[in-house]
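Written below as structure tokens is the structure these notes are about.
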Amino acid sequence: MSTLMTEPAAGRFGDFGGRFVPESLVPACDALAAAFREAWADPAFRAELDELLVVYAGRPTPLTPARNLSADLGIELLLKREDLAHTGSHKINNVLGQALLARRMGKGRLIAETGAGQHGVATATAAALLGLEATVYMGERDIERQQLNVLRMTTLGAEVVPVGSGSRTLKDATNEAMRAWVSDVDRAHFLLGSVGGPHPYPWMVRELQRVIGVEARRQSRTVPDVVVACVGGGSNSAGTFAGFADTSARLVGVEAAGGAAMTNGSPGVVHGARSMVLQDADGQVAEAESVAAGLDYPGIGPEHAHLGAIGRAEYHTVKDDEVVEAVRRLARSEGIICALESAHAVAWVLRAAGTPELPTGSRVVLTLSGRGDKDMATLLGGAS
Amino acid sequence: MSTLMTEPAAGRFGDFGGRFVPESLVPACDALAAAFREAWADPAFRAELDELLVVYAGRPTPLTPARNLSADLGIELLLKREDLAHTGSHKINNVLGQALLARRMGKGRLIAETGAGQHGVATATAAALLGLEATVYMGERDIERQQLNVLRMTTLGAEVVPVGSGSRTLKDATNEAMRAWVSDVDRAHFLLGSVGGPHPYPWMVRELQRVIGVEARRQSRTVPDVVVACVGGGSNSAGTFAGFADTSARLVGVEAAGGAAMTNGSPGVVHGARSMVLQDADGQVAEAESVAAGLDYPGIGPEHAHLGAIGRAEYHTVKDDEVVEAVRRLARSEGIICALESAHAVAWVLRAAGTPELPTGSRVVLTLSGRGDKDMATLLGGAS
Amino acid sequence: MTALVPYVTGGISADWTDYLLAYQEAGATAIEIGLPFSDPMLDGVTIQQASDRALSRGATVVSILQDLDRVRGRLRVPLIVMTYANLVFHRTPEGFCRELADAGISGLIVPDLPVDEAKPVARAAAEAGIDLIPLVAPVTPDDRLEQIAALGSGYIYAVSVMGTTGERATLGSSAAGLAARVKAVTDRPVLIGFGVSSPEQAAEAGRAGDGVVVASALMRRVLDGATPAEIRETVAGFAAALEVSADYAYAEVSGDRR
Amino acid sequence: MTALVPYVTGGISADWTDYLLAYQEAGATAIEIGLPFSDPMLDGVTIQQASDRALSRGATVVSILQDLDRVRGRLRVPLIVMTYANLVFHRTPEGFCRELADAGISGLIVPDLPVDEAKPVARAAAEAGIDLIPLVAPVTPDDRLEQIAALGSGYIYAVSVMGTTGERATLGSSAAGLAARVKAVTDRPVLIGFGVSSPEQAAEAGRAGDGVVVASALMRRVLDGATPAEIRETVAGFAAALEVSADYAYAEVSGDRR
Ligand SMILES: Cc1ncc(COP(=O)(O)O)c(C=O)c1O
Ligand SMILES: Cc1ncc(COP(=O)(O)O)c(C=O)c1O
């Protein structure tokens, strides 16, 4: 199995991936791929990143046995706690790596898109730490529902640019970020937040998130039966899966029912890669609709499309109300308030446990991609 | 130096401490002291707590070199990252210990007071994890300014009881929690959040927070010149100081100018202990006034009063505007948004660095007691 | 045969000392005067509000004790002060007890001063000729009851319920048992207080102990605007239930030295 | 001597095909028709708004190509389609190119289809008899220019600025240099586009290349409500600055096969 392991030639994962970008961006993508390839093979770069992950970002994050839920559900549930990473989600793993790379490439500015704001906060954080400028594009709808993260970004010194076009969510913020990159490609690094986009992003981001899976694999001691994570663009799941790709563990990605590119999409080209996309009969990209801003996205990273196509990973969907209930259930059973995004994985486990989908006695590693502070207002709104 | 090391006889730290509680609570305090003494000496209890601290709460928290600020200030600044602990502050260390103890004592309910809400969130968390009920008393003024934490507590299943008496802040919440305890002393454990209150609390909470100092001491490798932490009740500072009590490090506690019991108070008896207290000529306890809800308290733990009296620790004050500026400065230099409480320690370092108070070249370990998500709304209000 | 000790928060109104006269007329055996404290940890909502009102009127220890000058000549019943430890220690136990004695106070109750911490205050009270009236609670074990019975002088104050002050529908079932346990270890008279809300409850408590303290039930009415004359009727109701007469009770009350 | 290629977003209004006639009358050498895409990554605000308006009017690839029936008889200038890769791949490159050819389109520009990904589309375009017009950018290195010059047929589209489409105060300084570099590696004519906002800029671009594309400057006016007749004057201004005459340009334009 070469997928999840090596650099994909020409950025291809089977039929998916590639680099569908304006010619203006091709040299930058090439330079980025080369720089990452070289840095990733450079022990000094790896050491600097690893040090930051440990002394700054709080890695390794624990693998917490969810004892109460396990007893209730008749399975053994282990939670990989990305909610405890600095800034509150797995996004920091990728961001620190790319920000170090940007500095190594002599870039003075980071451009990022964000949905839930976690990637934007992580980017603003790394920019502050490394003395870079940061501009974060965020859909107006997401700005409304993730106010806390907007305040955090501006406190960190980043510029947050509201995006009012289209669905005013992550998809549109990504368009705007790519436009901004084209206009400042010499000085700026486009710090993409997930495993989508043109080559080298899907590969690079998965490599930078691999640490989740590697740690979880080590911490879980024996190979679990199932590894599960939520899927927006697919970075926390890709990083998690990477640690278990060469094991017998089932890999399960959980999508938002309203943004389920794997389940309800078809092949298409958006944001620089060929992958699975929610689109209409004409090929216009559909607007996703999820309570979780970070999963409110009509695409998915190309490697997931490939893993799904070859049957190595399976993808399921959960609905908004299951997700809200999963946040509460996890909070009340284990004292952990997870992000609405992460709660998708929890919701699937709650539904599947004890059914043939997830038989009693299964050992499950679940990546809790982030903490839920940012979602408290949404939860309250939904509850009242 | 026996202070910071052993169980204080009769709960006395020099002239301070003791147990000034209604007779109705004396047997409960006695039982609690005995139970803690026994549990703390029991390797099984310690192992269970240590395991939770590691696999659940994310300990050890890193000691992060603040490289940019260090360069700017001409000192070596190391940040003990309690902001990365589960629930976002050091409060979880104490809470997990007391909650395990409560369960061991057969209690079914936790009662807590909270100011910033971090202690309340931690209590609600431990209650969920251990299957206990939780009732959290919180001043109405604090409920307004720490909305996020109120939402977190209710999501975790705790009951939050607004306290409208007096200054409607931590002091009054503490009164109310003690009243609630008197009324349900058999079934409930009063889970006090700081190193104040009657014996055994100041000792027990300091022991449970000692982990901060022990880790920091190990992580800092050589003994720092100065160890600094903010002081509300004084638990994060007491825990930090405990790790360095037997070294040559200067111990510095930083109070809110508007709640500076050490600096502006006089000996008095509040909330069960004799300590330093802000009070008027008649002995009525004054209302503190700080932008940081967790430091908005007119008292301080008795061990601090003692450490100050014998000159082992020194106490300084910083003003609200310095504190708000410190949050921003740390965010923009290091990418870390700390709690307003924690920013008191940062503010003192910013002001003192390069002066005789904190000479150039000093090596400083600073405990960042919590993260600032909860304060974003306050910061915004203050900025506009 | 049973002492009736009604309570009033010092300084709660301009004419608060009139309540003292009213209580006396109605048959009080002694009167408990609360010196209001900012953080009345053991008090329920009623006494909290009464304390707040007095403090916001500017009442202080000094002003309250001075107010007593207005009624000194007319008061025959003993006065007992109840206040929190901080007000005692703030003026030093010696200074505080001397001030009380100078103002004609004969007893002192400090609810957050358990026997373990009480020594300096007990000494100062004894020197000033004031009874330090210790508190016992339903949860106090017997060996500790003995220790407490050895502290101070005059009454022993039996807290009838596990809880704060405040009105309750029924008298704590622990009151009688506690009073009996106290009586088993000491000859000192036992006052029962906390939550004695009606004459019926007072009568019940009176059968168990040597006297009752009625506080919140009166202060609730004072807060609601009851005049001294109105309150006198209320207290008289308690007195009738307890079958005390002013004269009789007066002679009985401990600490009476005027 | 220089080609003028004005742009219109297909389906932007009910009478959008009238703009085609107006452009032709005003001296257009060829016309670029945008097939609107939901996520026009390389377009600035003006073309985004134009695309949104067309899509919200219900425009589809099919409807836009059908609309051309209305003017086919009167149009003599070649039509070039510009759209994003997803619309091409969604219908398959073969299917898409065939549809274009059937609708009388002679060229295709796909801004997010770099040479590395273009092979299937280039093959399909060639089979359908359509020019795939590749794009080059100021940052494209010379060796890559050669590769690109070997792709497709007809014009090469030189993106004059590093940025999105949209009006700009001055023509990108890189335009002339880029055109010269392209000409050094190929004989194919060079169209210059992106940000050509005024007749003066068009004249400047015209001196560097073989033609200019004018898009946002026209679509801004269309969005603001300019009629075909008004737009004709605007285009005529560009034509005058470029010294093109409709007849001359028509004869010159690559891909003209009607
Ligand atoms: C907490 C959290 N989890 C998951 C996601 C989804 O991203 P991905 O699928 O790339 O992990 C986000 C995106 O914002 C997020 O904030
Ligand atoms: C983040 C944080 N730091 C500090 C404090 C003050 O408490 P202590 O002085 O006991 O550490 C609080 C109290 O709420 C807090 O939330």
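Naming: A, B, ... by sequence-line order, numbering from 1 per chain. Just the heavy atoms: all of them, side chains too, but no hydrogens, waters or symmetry mates, feed the values below. Predicted model only: the values in this text are computed from it and were never measured.
- Heavy-atom distances place both the backbone and the side chain of V285(A) under 4.5 Å from chain D.
- Residues L42(D) and V182(A) are in side-chain contact: their nearest non-hydrogen atoms beyond the backbone lie under 4.5 Å apart.
- For an aromatic pair to be called close, the ring centres must be under 6.0 Å apart, and F20(A) with Y84(D) fails this.
- With chain D as the partner, the residue from H271(A), R12(A), R274(A), E176(A) showing the most heavy-atom pairs under 4.5 Å is R12(A).
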- Given L55(D) and Q284(A), is the side chain to side chain contact (heavy atoms under 4.5 Å, CB included) satisfied, shown in steps? CA-CA 9 Å; L55(D) 289 174; Q284(A) 304 298 343; 3.4 Å; yes
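- For E287(A), no part lies near chain D; criterion is any non-hydrogen pair under 4.5 Å.
- Residue F37(D) touches chain A through both its backbone and its side chain, counting heavy-atom pairs closer than 4.5 Å.
- Between S183(A) and G163(D), the shortest heavy-atom contact is OG-CA, 3.6 Å.
- When atom types are taken as modelled, the side chain of S24(A) and the backbone of A137(D) share no donor-acceptor pair closer than 3.5 angstrom.
- Most heavy-atom pairs under 4.5 Å with chain A, from the set L135(D), V161(D), V115(D), V110(D): that is L135(D).
- D43(D) and R179(A) are not joined by a salt bridge, as no carboxylate oxygen comes within less than 4.0 angstrom of a charged side-chain nitrogen.
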- Message: Under the criterion side chain to side chain contact (heavy atoms under 4.5 Å, CB included), I'd like the reasoning laid out for D116(D) against R19(A): C-alpha separation, chi angles, the key distance, then a yes or no.
- Response: CA-CA 8 Å; D116(D) 325 270; R19(A) 187 189 282 161; 5.6 Å; no
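- Between chain A and the residues R144(D), E117(D), M41(D), the largest count of heavy-atom pairs under 4.5 Å involves E117(D).
- The backbone N or O of V21(A) lies less than 3.5 Å from no partner atom in the side chain of D112(D), so there is not a single donor-acceptor pair.
- With chain A as the partner, the residue from V62(D), L87(D), V159(D) showing the most heavy-atom pairs under 4.5 Å is L87(D).
- Interface summary for chain A: among P114(D), G44(D), A85(D), the most heavy-atom pairs under 4.5 angstrom belong to P114(D).
- Between chain D and the residues P22(A), G268(A), P198(A), the largest count of heavy-atom pairs under 4.5 Å involves P22(A).
- For chain A, no part of P134(D) is nearby; none of its heavy atoms comes within less than 4.5 Å.
- Residue S38(D) holds its OG atom at 9.0 Å from CG of D172(A), rounded to the nearest 0.5 Å.
- H90(D) places a side-chain N or O within donor-acceptor distance of the main-chain N or O of A281(A), the cut-off being under 3.5 Å.
- Distance alone, capped at 3.5 Å, is enough to place a donor-acceptor pair between the D282(A) side chain and the V61(D) backbone.
- Ion pairing between K171(A) and D39(D) holds under the 4.0 Å rule for side-chain N and carboxylate O.
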- Report the C-alpha distance between D184(A) and M162(D) in whole Å, list the side-chain angles of each, state the deciding distance to 0.1 Å, and finish with yes or no for side chain to side chain contact (heavy atoms under 4.5 Å, CB included). CA-CA 8 Å; D184(A) 193 20; M162(D) 291 299 292; over 6 Å; no
